Amino acid sequence: MLVPHIHIVDTTLRDGAQSPFIMFNDKEKIAIVKMLTEKGVYQIEAGIPAIGKSEQEIIKKIKSACPNTQIAVWNRLNIDDINISLECNADIIHISIPVSYRQIHEKLKKDETWLLNEISEVLSATIGNAKEVTIGMEDASRAQMDFMLTVVRKVQQFGISRVRFADTVGIMTPSTVYDQISKLIKATGIDVEFHAHNDLGMAVANSLAAVQAGASFIDTTIHGIGERCGNCDMDKFIFAASSIFNSNRSERVKGGEHNG
Amino acid sequence: MLTDATLCYIENASKQQQQLILRALGKLPIEAIEITAPVWENIADMKNLPQKKYILRINNYKAIRYYKGFYRYVVTAQEPAAEGQLAEQPMYASTGVKCSVRVVGLSRKTVPDMEKTFSQWRKAKRDISFEPLNSLYQATALAFAWHNYGGQSVSTFCGIANHAPLEEILLTDYLAGNMAAIKGFNFTILKKTLEAITDTSIPANKPILGNAIFAVESGIHVDGIMKDPQLYEPYPPELIHAKRHIVLGCTSGRKSIEAKLRELKLNCCKIDTAFILDKVKEKSRSLCRSITDKEFYDLVEMMGRV
């Protein structure tokens with residue numbers, strides 16, 4: 001089988017830390033980032049600056065302790081959140097955009113037109129101020145493909161080259177993952193990052209299917225920690241991917257340095 | 001079509017425990033229950049044996065003579081012995097015993113890889129049961145995919161013996177809309193009995209079975225769940241006889257504080273939730289963990305608000 005190129009995006013300190021009963025102190029967070037960097041993880045999602053001052057401070061400390069690591073921070077589609085993030089010296093500003101009808105109408109109490117206008121406004125204000133911006137499609141697994149394509153095309157107009165496809169509630173199966181991601185890539189040519197949750201015990205299998213469909217970035221956490229049943233377990237995924245894709249070459253996981 | 005083989009792997013459990021497991025399995029929407037001869041000896045005299053198809057796992061074709069009347073027999077054998085035994089198969093086929101194929105393992109194949117194989121299996125019109133193993137963490141996905149093709153998948157409760165966890169396949173099937181008539185799943189007895197047999201606790205975040213899978217701390221998610229639980233939950237906790245639980249900690253928000261005050265029946269009208277949130281985060285950081293309901297109550301009490 002052709003060996004795909006997979007970039008690991010670790011979200012232990014963001015989505016993993018949302019797991020109730022698990023909490024890291026500052027020393028542990030820095031130690032984790034150092035270990036992940038040594039392991040060759042491509043990108044580390046270090047937190048949500050909008051949570052508060054202490055979160056902003058630790059993100060700055062992490063970046064300063066690991067200057068060569070690609071540090072990303074998570075944001076809502078909200079310019080105030082992003083302005084706070086821009087002060088944290090992160091390499092990547094990740095903006096999460098709800099894309100399912102339920103998230104747009106029930107959570108935001110808005111509609112699709114409002115969302116598309118908001119994307120334009122927020123991205124206009126962000127691009128140029130951030131080194132890199134990536135977009136997360138929250139609840140993509142329950143969204144309409146047509147609307148996701150509209151969102152992707154809209155963000156592409158601002159030069160965004162990577163979107164995260166989030167199975168927010170962990171309900172996908174490998175067949176649906178393969179089908180959805182193939183369609184997304186075929187229609188837009190965008191780089192896809194897949195974000196799995198393990199509610200049905202399929203986070204690793206779904207991430208493998210995403211890779212086969214063309215996703216080149218896979219989100220993981222250490223030991224699969226995360227809210228509810230957790231996220232895709234990094235070690236399990238790497239072990240399964242290297243066994244299945246028949247490669248024990250170290251470059252299957254792209255290094256922490258920014259090497260394109 | 002689903003077969004559960006849990007009982008094949010708890011031969012050392014007591015007769016009572018095996019019967020408890022069988023009764024609980026009997027209430028689940030599965031087609032067949034696979035057992036071994038020693039387990040059959042323990043359950044054969046049960047009153048009201050659950051109305052399921054029973055499959056007997058044997059290691060020699062000759063055992064069929066001694067255990068008659070099963071829906072199907074599965075012959076397991078070490079490789080050298082298996083070759084010789086296969087020669088015996090036609091003889092039993094001619095006597096009316098159903099002969100089918102059991103595929104075990106295939107853990108190195110992904111679901112997209114297996115789509116073609118499943119299609120071929122179906123076209124072949126052979127009776128193939130598939131027992132994927134979980135060595136590369138794909139057993140649930142593979143078992144569900146074959147089941148979804150109309151095939152017979154073999155799993156075990158909680159995935160014991162490196163199998164696909166039965167409960168994960170059932171919930172996936174439910175969410176796929178294939179079990180419209182089902183009102184809920186109760187895994188409580190199965191879970192407690194298995195924990196007693198194996199003398200271990202099921203991890204708190206184990207899909208479907210974990211005690212903490214409906215605990216939520218993130219302020220953004222609590223806010224969403226308060227508006228509509230489906231925003232951040234794959235299915236209602238009640239479906240599996242579980243309860244949602246709001247946990248307070250570093251990632252909590254004001255909505256979490258309000259929800260917890262309501263849950264603890266504390267009058268929140270005169271309480272400065274932003275101030276309490278700061279205190280909760282401070283305490284959580286100093287303890288390096290989320291805070292308990294008792295600690296939260298004490299915090300509010302200390303501030304003279306109770």
Side-chain angles (χ1 to χ4, degrees), chain A residues 1 15 17-26 28 48 50-52 54-55 76 98 100 102-103 106-107 109 139 142 168-171 173-178 197-206 208-209 211-213 224-230 233 236-237 239-241 243-244 246, chain B residues 107-113 115 135-142 144-145 148 159 164-165 167-169 171-172 175-176 204-208 210 212-221 223-224 227-228 230-235 245-247 249-251 253 278 281 284-285 287-290:
Chain A
M1 185 181 291
D15 219 7
Q18 291 194 25
S19 168
F21 316 116
I22 290 180
M23 195 182 149
F24 304 111
N25 63 32
D26 289 2
E28 288 166 338
I48 309 173
I51 284 180
S54 59
E55 182 88 341
R76 292 173 293 190
S100 68
R102 184 174 273 135
Q103 289 267 345
E106 301 296 324
K107 190 176 79 168
K109 310 281 184 199
D139 208 18
R142 294 188 294 192
T168 302
V169 290
I171 51 166
T173 63
S175 304
T176 53
V177 169
Y178 188 87
H197 277 271
N198 202 35
D199 296 82
L200 297 173
M202 296 196 217
V204 172
N206 284 344
L208 292 167
V211 169
Q212 289 187 292
I225 63 164
E227 207 163 37
R228 303 189 308 275
C229 309
D233 184 310
K236 287 180 179 173
F237 173 74
F239 178 62
S243 304
I244 289 165
N246 196 25
Chain B
S107 52
R108 279 176 179 267
K109 297 278 187 185
T110 65
V111 171
D113 290 339
E115 297 279 357
S135 312
L136 294 180
Y137 319 108
Q138 300 193 93
T140 304
L142 289 165
F144 174 74
N148 210 30
E167 66 282 0
E168 292 175 6
I169 303 169
L171 262 289
T172 306
L175 293 177
N205 66 346
K206 174 92 178 72
I208 327 296
I213 63 171
F214 284 102
V216 56
E217 180 183 314
S218 154
I220 294 170
H221 290 186
D223 180 33
K227 288 173 181 161
D228 174 5
Q230 289 185 33
L231 286 169
Y232 289 108
E233 287 173 353
Y235 50 87
H245 181 214
I246 293 168
V247 176
C250 255
T251 60
D278 284 344
K281 287 186 174 186
S284 172
R285 265 193 297 275
L287 296 169
C288 204
R289 61 165 171 80
S290 46

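Chain letters run A, B, ... following the sequence lines, proteins first and then strands; every chain starts at 1. Values below: all heavy atoms of this structure, side chains included; hydrogens, waters and symmetry mates excluded. Just so it is clear, the structure is predicted and the values come from calculations on it, not from any experiment.
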So does B:K109 have more than 12 non-hydrogen atoms from other groups sitting under 6.0 Å from NZ? no

Side chain, backbone, both or neither: which part of A:E28 has an atom under 4.5 Å from a heavy atom of chain B? side chain

Measuring from A:I225:CD1 to A:S19:OG, what's the distance to the nearest 0.5 Å? 6.0 Å

What verdict does the side chain to side chain donor-acceptor pair (under 3.5 Å) test give for B:T251 and A:Q18, after you've listed the backbone C-alpha separation in whole Å, the side-chain angles of each residue and the deciding distance to 0.1 Å? CA-CA 7 Å; B:T251 60; A:Q18 291 194 25; 5.9 Å; no

Heavy-atom pairs under 4.5 Å with chain B, option from A:Q103, A:K236, A:E106 with the top count: A:K236

Intermediate values then yes/no, side chain to side chain contact (heavy atoms under 4.5 Å, CB included), A:M202 and B:V111: CA-CA 11 Å; A:M202 296 196 217; B:V111 171; over 6 Å; no

Identify which of B:V216, B:I169, B:N148 forms the greatest number of heavy-atom pairs closer than 4.5 Å to chain A. B:V216

Salt-bridge criterion met for B:K206 and B:E168 (N-O under 4.0 Å): yes

Do the ring planes of B:Y235 and B:F214 sit parallel (below 30°), tilted (30 to 60°) or perpendicular (above 60°)? perpendicular

The reported gap from CE in A:M23 to SG in B:C250 (rounded to nearest 0.5 angstrom) is 3.5 Å

Heavy-atom proximity to chain B below 4.5 Å, by part of A:E227: side chain

Considering only heavy atoms, which portion of B:S284 lies under 4.5 Å from any heavy atom of chain A: side chain, backbone, both, or neither? both

Chain A interface, residue from B:T172, B:I220, B:L231 that has the most non-hydrogen pairs under 4.5 Å: B:L231

Among B:Q230, B:E167, B:H245, B:E233, the residue with the most heavy-atom pairs under 4.5 Å to chain A is B:Q230

Tell me, side chain or backbone of A:L200 under 4.5 Å from chain B's heavy atoms, or both, or neither? both

Checking side-chain hydrogen bond (donor to acceptor under 3.5 Å, both in side chains) between A:H197 and each of A:D15, A:T168, A:N206, which is the one that passes? A:D15

Going by an N to O cut-off under 4.0 Å, is there a salt bridge joining A:D139 and A:R102? no

If one checks every heavy atom of A:F21 against chain B at 4.5 Å, the contacting part turns out to be both

Determine the option with the most heavy-atom pairs under 4.5 angstrom with chain B, choosing from A:L208, A:I171, A:D26, A:D199. A:D199

Heavy-atom distances under 4.5 Å only: say whether B:A141 touches chain A with side chain, backbone, both or neither. both

Quick check on B:F144 against chain A: is it the side chain, the backbone, both or neither that has a heavy atom closer than 4.5 Å? side chain

Given heavy-atom pairs under 4.5 angstrom as the criterion, report whether the side chain, backbone, both or neither of A:A17 touches chain B. backbone

Kindly say whether B:V247 contributes a backbone atom to a donor-acceptor pair with the side chain of B:E217 at under 3.5 angstrom? no

At a heavy-atom separation under 4.5 Å, does B:L171 approach chain A through its side chain, its backbone, both, or neither? both

Testing the basics here: between B:Y137 and A:A240, what is the closest heavy-atom pair and its distance to 0.1 Å? CD1-CB, 4.4 Å

Non-hydrogen atoms of chain A under 4.5 Å away: do they reach the side chain of B:R289, the backbone, both or neither? backbone

Under 4.5 Å, counting heavy-atom pairs only, tell me which of A:G52, A:G201, A:A209, A:G224 racks up the most with chain B. A:G201

Which bit of B:E115 is near chain A, if near means a heavy-atom gap under 4.5 Å: side chain, backbone, both or neither? side chain

A:S54 portion near chain B, given a 4.5 angstrom heavy-atom threshold: side chain

Between B:L287 and chain A, with a heavy-atom cut-off of 4.5 Å, which part of the residue counts as in contact: side chain, backbone, both or neither? neither

Residue A:F237 versus chain B: region with a heavy atom under 4.5 Å: neither

Close side-chain approach of B:P165 to B:T140, heavy-atom, < 4.5 Å: yes

